Amino acid sequence: MRQPPRAEERDEDLLSTVEIDDSEDEERDDPFVVPAWVWIVAGVVGIPLLLLSGPLVVVALLKARRRRRRRRHPLGDRRAAGAWEELADGYAELGYDVRRHATRRQVAADLERQLREQASDASAAPGAGPAAGAGSGASVAVALSPIAADVDAAVFSDAEIDDARVRGLWARADGHLDEARHASGASRRLLSRYRIRSRRDWSRVAAGERGPADAPEGGASL
């Protein structure tokens, strides 16, 4: 009698060889390589951008340091004087002629004249309408002399200058500068970001020395 085939042999016949494609795993294991053209584009675009933005960042940090020193001076009269110094430096960096050896009121009168001339030139420009001078500085000039007088009163007063008075002077100075920047052209505003009024100002600010703003009304002050 013939015996049936063993089950083990039938099981072996049913098995087949399966090839597993592991190329995808190998590709995933390969490190990512940045194409050469990416580095070229980064160099062409990034280097000029760094050259342009680098000085801007440095100047912005220096201006912030200057402002911080002026606002945090321990003496109230010096903080009040700092508000005017910030205003005068801001106008100078916008390209206005700010005399160094002059009183605050003299500087205010000079700036008012320059702002009137700027508004007049804008109104007389070809194609300028009746409202051409409205945003060209006329509204800024009328308020500069009062703040100069108020800063003088605070600096040369024998009374203690309270924080509220100092904050008010700083708010007015910031308002004048905002209006001046708005009245200036885009190119003028851009250039002002790269300008520092003078090297001597920075050395004085860094040393924390008392500057010309401490001089009496007839002396040299900003």
Side-chain angles (χ1 to χ4, degrees), residues 56-115 137-184 189 192-222:
L56 181 61
V57 171
V58 172
V59 171
L61 291 173
L62 290 174
K63 288 183 178 181
R65 184 170 181 266
R66 175 184 69 183
R67 179 183 178 89
R68 186 169 57 252
R69 281 181 173 272
R70 288 170 173 170
R71 292 210 68 164
R72 296 181 180 179
H73 198 283
L75 299 178
D77 62 332
R78 290 301 305 140
R79 293 197 301 274
W84 177 262
E85 292 166 1
E86 194 73 15
L87 183 148
D89 286 347
Y91 271 96
E93 288 156 4
L94 281 169
Y96 292 94
D97 183 17
V98 180
R99 286 190 291 166
R100 188 173 301 282
H101 300 294
T103 66
R104 296 181 185 87
R105 299 187 191 194
Q106 289 170 342
V107 170
D110 287 346
L111 289 173
E112 288 171 356
R113 174 183 52 78
Q114 293 176 62
L115 291 165
S139 62
V140 183
V142 296
L144 291 179
S145 290
I147 189 175
D150 290 344
V151 171
D152 277 347
V155 170
F156 304 121
S157 172
D158 293 332
E160 183 69 22
I161 309 301
D162 58 42
D163 291 340
R165 187 174 178 184
V166 172
R167 285 196 300 269
L169 290 172
W170 273 91
R172 289 166 64 187
D174 289 340
H176 295 321
L177 280 178
D178 288 341
E179 291 181 26
R181 293 185 184 105
H182 178 72
S184 302
R189 286 195 300 271
S192 72
R193 297 180 181 180
Y194 290 89
R195 282 178 178 153
I196 302 176
R197 190 178 182 193
S198 80
R199 204 177 310 172
R200 187 177 68 178
D201 284 340
W202 290 116
S203 62
R204 191 180 68 211
V205 170
E209 298 173 359
R210 297 174 69 86
D214 301 296
E217 173 59 24
S221 72
L222 290 175

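Everything numeric in this text was worked out from a predicted model, so none of it was measured. The first residue in the sequence is number 1, and the count goes up from there.
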**Student:** Pick from K63, R71, R70: which one makes a salt bridge (Lys or Arg N to Asp or Glu O under 4.0 Å) with E86?
**Tutor:**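 Only one option passes, and that is R70.
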**Student:** Taking atom CG of L94 and atom CD of Q114, what is their separation to the nearest 0.5 Å?
**Tutor:**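 If I round to the nearest 0.5 Å, the distance is 11.5 Å.
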**Student:** Less than 4.0 Å between a side-chain N and a carboxylate O, is that true for E85 and R78?
**Tutor:**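 Counted as a salt bridge, because a side-chain N and a carboxylate O are separated by less than 4.0 Å.
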**Student:** Closer than 4.0 angstrom, basic N to acidic O: yes or no for R165 and D150?
**Tutor:**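 Salt bridge: no.
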**Student:** I need the H176 NE2 to W84 CH2 distance, nearest 0.5 Å.
**Tutor:**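 Those atoms lie 8.0 Å apart.
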**Student:** Once you round to the nearest 0.5 Å, how far does CG of L62 lie from CZ of R66?
**Tutor:**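 Reported to 0.5 Å precision, the distance equals 9.0 Å.
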**Student:** In Å, rounded to the nearest 0.5 Å, how long is the span from CG of L87 to CZ of R172?
**Tutor:**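 The CG atom of L87 sits 10.5 Å away from the CZ atom of R172.
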**Student:** Looking only at atom types and distance, does a side-chain atom of R181 sit under 3.5 Å from a main-chain N or O of R189, one as donor and one as acceptor?
**Tutor:**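 Side chain of R181 to backbone of R189, a donor-acceptor pair under 3.5 Å: no, none is there.
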**Student:** Find the distance between CD1 (I147) and CZ (R104) and round it off to the nearest 0.5 Å.
**Tutor:**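 So the gap between those two atoms works out to 10.5 Å.
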**Student:** Would you name the heavy atoms of V155 and A81 that are closest together and state the gap between them?
**Tutor:**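 Closest approach of V155 to A81: CG2-CB, 3.7 Å.
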**Student:** Any idea which heavy atoms bring A154 and L169 closest together, and the distance?
**Tutor:**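 That would be CB-CD1, 4.3 Å.
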**Student:** Here's a test for you: under side-chain contact (heavy atoms from CB on, under 4.5 Å), which of D97, L115, D110 qualifies with Y91?
**Tutor:**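 So, applying the side-chain contact (heavy atoms from CB on, under 4.5 Å) to Y91 and each of D97, L115, D110, only L115 qualifies.
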**Student:** Looking at R67 and D89, does any basic side-chain N land under 4.0 Å from a carboxylate oxygen?
**Tutor:**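 No, this pair does not count.
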